[in-house]
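Chain identifiers are assigned alphabetically (A, B, ...) following the order of the sequence lines, protein sequences preceding nucleic acid strands; residue numbering begins at 1 within each chain.
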There are 2 protein chains.
Amino acid sequence: MSTFNTLAEPNRRKLLDALVDGPQSVSALVGAIGMSQPVVSKHLKILRDAGLVHVTPDGQRRLYSVNPEPLSELDDWLAKYRELWAGRLDALEAHLHNAEDHQGDRP
Amino acid sequence: MSTFNTLAEPNRRKLLDALVDGPQSVSALVGAIGMSQPVVSKHLKILRDAGLVHVTPDGQRRLYSVNPEPLSELDDWLAKYRELWAGRLDALEAHLHNAEDHQGDRP
DNA sequence: TAGAAATATATCTATATGGACATATATCTG
DNA sequence: CAGATATATGTCCATATAGATATATTTCTA
């Protein structure tokens with residue numbers, strides 16, 4: 001799973017985080033992240049190749065958005081280990097319910 | 001989160017996978033993974049430093065086991081993105097229920 | 001059509017890291 | 001205590017990659 005490799009870079013995770021609330025142009029991302037435009041474009045290419053983002057041309061801009069598919073696969077990978085910290089599937093669901101009011105609680 | 005960095009290496013994920021069903025000695029892991037002992041020990045050290053495994057001395061052996069705490073944090077990180085592919089929290093719970101009979105179904 | 005604006009790409013360098021190999025350390029057994 | 005066994009560590013090399021810088025490409029606008 002190259003998803004891990006791609007997400008290993010902190011700035012790429014920042015880029016994803018900046019996209020979680022909706023599509024953004026490259027220059028918006030440059031402003032949000034505080035890196036040079038070429039570096040941002042380079043990271044965006046890597047995110048693209050990993051299928052983690054999706055591009056929509058909009059005139060001379062490119063609107064990037066999160067493509068959640070690889071993240072879903074990451075979630076599936078995690079499934080193997082969930083019972084190790086949640087004990088039971090039920091406990092996980094309880095945890096998810098608590099996540100509705102976003103508190104940093106650990107069972 | 002250095003967890004991503006640590007898990008970016010495929011052989012380290014193999015090591016974790018080999019530990020999911022219970023503790024294993026280094027030599028058992030060497031046999032399971034098919035890498036040289038020094039390389040396995042090196043990867044185990046990285047997994048240890050990332051807090052992903054735990055060691056219990058057992059005579060001249062070391063028994064390694066998964067420490068799920070960082071994986072739980074990874075799960076929390078994923079939470080931000082879940083609704084992007086699950087749409088609703090309820091949909092996620094349904095997915096988890098389906099995971100009880102381990103099928104590779106995607107909604 | 002000639003810039004200007006937005007984005008992508010190419011090149012270079014420094015650094016991080018995986019694996020091979022040699023060796024050190026610790027523990028067990030005769 | 002002397003080997004044998006299990007594991008860890010150190011060194012070296014090849015490779016991957018992040019960022020800086022320069023430049024190319026595309027699209028908009030006067």
Going by salt bridge (Lys or Arg N to Asp or Glu O under 4.0 Å), name the pairs with one or both residues in residues 23-43 of chain A, residues two or more places apart or in two chains. none
side-chain contact (heavy atoms from CB on, under 4.5 Å) filter on B/P38, not counting sequence neighbours, yields B/S36
Taking salt bridge (Lys or Arg N to Asp or Glu O under 4.0 Å) as the test, write out the residues that go with B/K45, two or more places apart. B/D49
B/L44 CG to D/dT7 P, in whole Å, measures 10 Å
Going by the ring pair (Phe, Tyr, Trp, His ring centres under 6.0 Å) test, which pairs reach into residues 20-48 of chain B, not counting sequence neighbours? none
Quick one: side chains of residues 17-30 of chain B, donor-acceptor pairs under 3.5 Å with protein atoms, not counting sequence neighbours, listed by atom name and distance.
{"from": "B/D17", "atom 1": "OD1", "to": "A/Y81", "atom 2": "OH", "distance (Å)": "2.3"}
{"from": "B/S25", "atom 1": "OG", "to": "B/S27", "atom 2": "OG", "distance (Å)": "3.3"}
{"from": "B/S25", "atom 1": "OG", "to": "B/A28", "atom 2": "N", "distance (Å)": "3.2"}

Hey, is the side chain of B/Y64 poking within less than 4.0 Å of OP1 or OP2 on D/dA8, counting only N and O atoms? yes
Could you state the atom-to-atom distance from CG of B/L63 to C1' of D/dA8 in whole Å? 16 Å
Students often get this wrong, so: under 4.0 angstrom with heavy atoms, is A/S41 touching a base, only sugar-phosphate, or nothing? base
Boundaries of the DNA chain C segment in contact with chain B, non-hydrogen, under 4.0 Å: C/dG18 to C/dC28
Considering residues at least two apart in sequence or located in another chain, which fulfil the side-chain hydrogen bond (donor to acceptor under 3.5 Å, both in side chains) criterion with A/S41? A/Q37
A/R13: partners by side-chain hydrogen bond (donor to acceptor under 3.5 Å, both in side chains), with sequence neighbours left out: none
Pairs flagged by ring pair (Phe, Tyr, Trp, His ring centres under 6.0 Å) wherever residues 46-74 of chain B is involved - sequence neighbours left out: none
Atom CG of A/L47 and atom P of D/dT17: how far apart are they, to the nearest Å? 14 Å
List in numerical order all residues of residues 5-13 of chain B for which some heavy atom is under 4.0 Å away from an atom belonging to DNA chain C. B/E9, B/N11, B/R12
Name the pairs: protein N/O against N/O of nucleotides 23-30 of chain D, kept only if under 3.5 Å.
{"from": "D/dC28", "atom 1": "O4'", "to": "A/Q60", "atom 2": "OE1", "distance (Å)": "3.2"}

Residues pairing under salt bridge (Lys or Arg N to Asp or Glu O under 4.0 Å) where one sits in residues 50-62 of chain B, two or more places apart or in two chains, turn out to be none
Rounded to whole Å, please give me the gap between CE in A/M35 and P in D/dA18. 9 Å
Say whether, by atom type as modelled, one donor and one acceptor occur between the side chain of A/T6 and the main chain of A/S2 under 3.5 angstrom. yes
